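These numbers come from a predicted model, not from an experiment. Only heavy atoms go into these numbers, but all of them, side chains included; no hydrogens, no water, no symmetry mates. Along the sequence shown, residues carry numbers from 1.
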Amino acid sequence: MNVNILSSQEAATLQEMIAASQHIVICCHKSPDGDAIGSSLGWRGFLLSQGKQAQVCMPDMMPDYLQWLPDSQTILRYDKHPAEVQRAFDEADLVFCLDFNGAGRLDEMQDVLIGCRARKVMIDHHLAPCMDVDLQISQPHMSSASELVFRIVWQLGGFGQMDRKWAACVYCGMMTDTGGFTYNSTDPTIYFIISQLLTKGIDKDKIYRNVFNNSSLSAIRFRGYLMSEKLRVVEGLHASYYCVTRQDMKRFHFIKGDLEGLVNEPLRIKGHKFSISLREDTERDNLILVSLRSVDDFPCNKVSEQFFNGGGHLNASGGKLFCSMAEAEVVAKKAIKAFESLLK
């Protein structure tokens, strides 16, 4: 099965850039998910195998359910150690940008990236890349950045040197960005990749449990409360939304990651096509974080672009609103109404 994704020229350029560099930084987007962290740690593992110094930097904390990932303790957080992150970028002769298509996804850390004089490489699977880089590896049809990391490592001949820890990071990234391989995962090559990762001795069932069966009692009750009391199903249409306020989060002792994947839950309703999650930011006033999920050919990425200042994939997208929760709820209703013809 053909796993390669780079042209001969791209592969040669990438190899040359790695060979010519010693201090390498890998960065991912704000509020990093399993794919951002898994791909970053996986790419770090490959660079270390090539004798390079590689440092993963991210804007803020990862969810609690990903703390088990091998070598996650080596990641530098900009919100906690801004001077150290700045120093890493200043000393870098090569920077890899994983799982994001524009510097704005780094939020407070974007100025550090933009100001860095090192050569830059993008490895990403989101639509419409908009960043000035020296080498752009953009494959929006891929399931995840972690899948891209596997394919590149394979093509560059590095797979044989990779170990179980590396495979666990890559598998976790692929698994989380496809909802446990329930969407954006119909390409047969994905399952060939999984078969190869299994040869490294990973326990895929334990990885699943680490990610999806790792909630506190209060988180379970919080999720039940939101689906029971806050879910609003739009009458006559196969769509819904729910709102999560700071008061709700305080009541159920919310920590980052507690609501991961909950936006998919309404899609279990028979015939449901579209789900919206609206959540107040825990620190900044009038900032609403938006997650959208859909099934089949309903374009939640288009909804996100038009109404929520975001974008993403056909069935999984995100965005944000700068307003109150009451105003955000009005926008959600308008968005659903605007796509009414596709939701009947």
Could you go through the side chain to side chain contact (heavy atoms under 4.5 Å, CB included) check for Phe254 and Thr282 one step at a time? CA-CA 10 Å; Phe254 172 82; Thr282 55; 4.1 Å; yes
Taking 4.0 angstrom as the limit, do Asp107 and Arg284 come out as a salt bridge? yes
Looking at Arg87 and Glu84, does any basic side-chain N land under 4.0 Å from a carboxylate oxygen? no
Would you say [Y] and [X] are linked by a side-chain donor-acceptor pair, where the criterion is simply a distance under 3.5 Å?
X      : Y      : result
Ser324 : Glu327 : yes
Gln53  : His23  : yes
Tyr241 : Glu329 : yes
Ser146 : Asp35  : yes
Asn301 : Ser304 : no

Close side-chain approach of [X] and [Y], heavy atoms under 4.5 Å:
X      : Y      : answer
Asp258 : Phe252 : no
Thr74  : Val56  : no
Leu259 : Leu226 : yes
Leu321 : Asn309 : yes
Arg293 : Asn315 : no
Ile75  : Ile37  : yes
Arg77  : Met61  : yes
Phe212 : Met175 : yes

Would [X] end up clustered with [Y] when hydrophobic side chains under 4.5 Å apart are linked, directly or stepwise?
X      : Y      : answer
Met227 : Val263 : yes
Val25  : Phe96  : no
Leu217 : Met249 : no
Met142 : Leu156 : yes
Ile123 : Ile5   : yes

Can you spot which of His313, His29, His141 makes a ring pair (Phe, Tyr, Trp, His ring centres under 6.0 Å) with His126? His313
Answer yes or no: does atom [atom1] of [X] have more than 12 heavy-atom neighbours from other residues, nucleotides or ligands under 6.0 Å?
X      : atom1 : value
Lys334 : NZ    : no
Glu283 : CD    : no
Arg268 : CZ    : no
Asp132 : CG    : no
Lys52  : NZ    : yes
Asp297 : CG    : no

Would you say the side-chain atoms of [X] pair up with the backbone N or O of [Y], donor to acceptor, closer than 3.5 Å?
X      : Y      : value
Ser185 : Tyr183 : yes
Asp177 : Gly173 : no
Lys230 : Tyr242 : no
Ser317 : Leu292 : no
Ser228 : Gly224 : no
Ser275 : Glu265 : no
Arg117 : Ala92  : no
Asp203 : Asp205 : yes
Arg105 : Gln110 : no
Asn286 : Phe322 : no

Roughly how far, to the nearest 0.5 Å, is [atom2] of [Y] from [atom1] of [X]?
X      : Y      : atom1 : atom2 : answer
Glu340 : His238 : CD    : NE2   : 12.0 Å
Ser39  : His125 : OG    : NE2   : 8.0 Å
Ile202 : Ile207 : CD1   : CD1   : 4.5 Å
Lys273 : Lys344 : NZ    : NZ    : 11.0 Å
Met325 : Glu280 : CE    : CD    : 4.5 Å
Leu343 : Lys337 : CG    : NZ    : 11.0 Å

Which of these, Asp281, Asp33, Asp60, sits in a salt bridge (Lys or Arg N to Asp or Glu O under 4.0 Å) with Lys256? Asp60
On a heavy-atom basis, which atom in [X] and which in [Y] lie closest, and how many Å separate them?
X      : Y      : answer
Met174 : Ile193 : SD-CG2, 3.8 Å
Cys27  : Leu106 : SG-CD2, 4.3 Å
Met58  : Pro32  : SD-CG, 3.5 Å
Asp124 : Leu148 : O-CD1, 3.2 Å
Leu135 : Glu10  : CD2-O, 4.2 Å
Ala118 : Leu94  : CB-N, 3.6 Å

Apply the side-chain contact (heavy atoms from CB on, under 4.5 Å) test between Phe308 and each candidate in Val303, Leu289, Ile288; give the one that qualifies. Val303
Parallel, tilted or perpendicular, as decided by the 30° and 60° cut-offs, for the rings of Phe274 and Phe298: tilted
Hey, what's the ring geometry for Tyr191 with Phe181, parallel, tilted or perpendicular (30° and 60° as the breaks)? tilted
Go through it in stages, so that I can follow the logic: the residues are Arg151 and Asp187, the test is salt bridge (charged side-chain N to carboxylate O under 4.0 Å, His left out), and I'd like the CA-CA distance, side-chain angles, deciding distance and then a yes or no. CA-CA 14 Å; Arg151 287 172 176 264; Asp187 182 353; 3.6 Å; yes
Listing, residues 157-171 side-chain donor-acceptor contacts under 3.5 Å, not counting sequence neighbours, or none:
unit_1: Asp163; atom_1: OD1; unit_2: Lys165; atom_2: N; d: 3.3
unit_1: Asp163; atom_1: OD1; unit_2: Trp166; atom_2: N; d: 2.9
unit_1: Trp166; atom_1: NE1; unit_2: Gly42; atom_2: O; d: 2.9

Would Trp68 and Cys172 count as a side chain to side chain contact (heavy atoms under 4.5 Å, CB included) if you check the C-alpha gap in whole Å, the side-chain angles of each, and the deciding distance to 0.1 Å? CA-CA 11 Å; Trp68 63 271; Cys172 180; 3.9 Å; yes
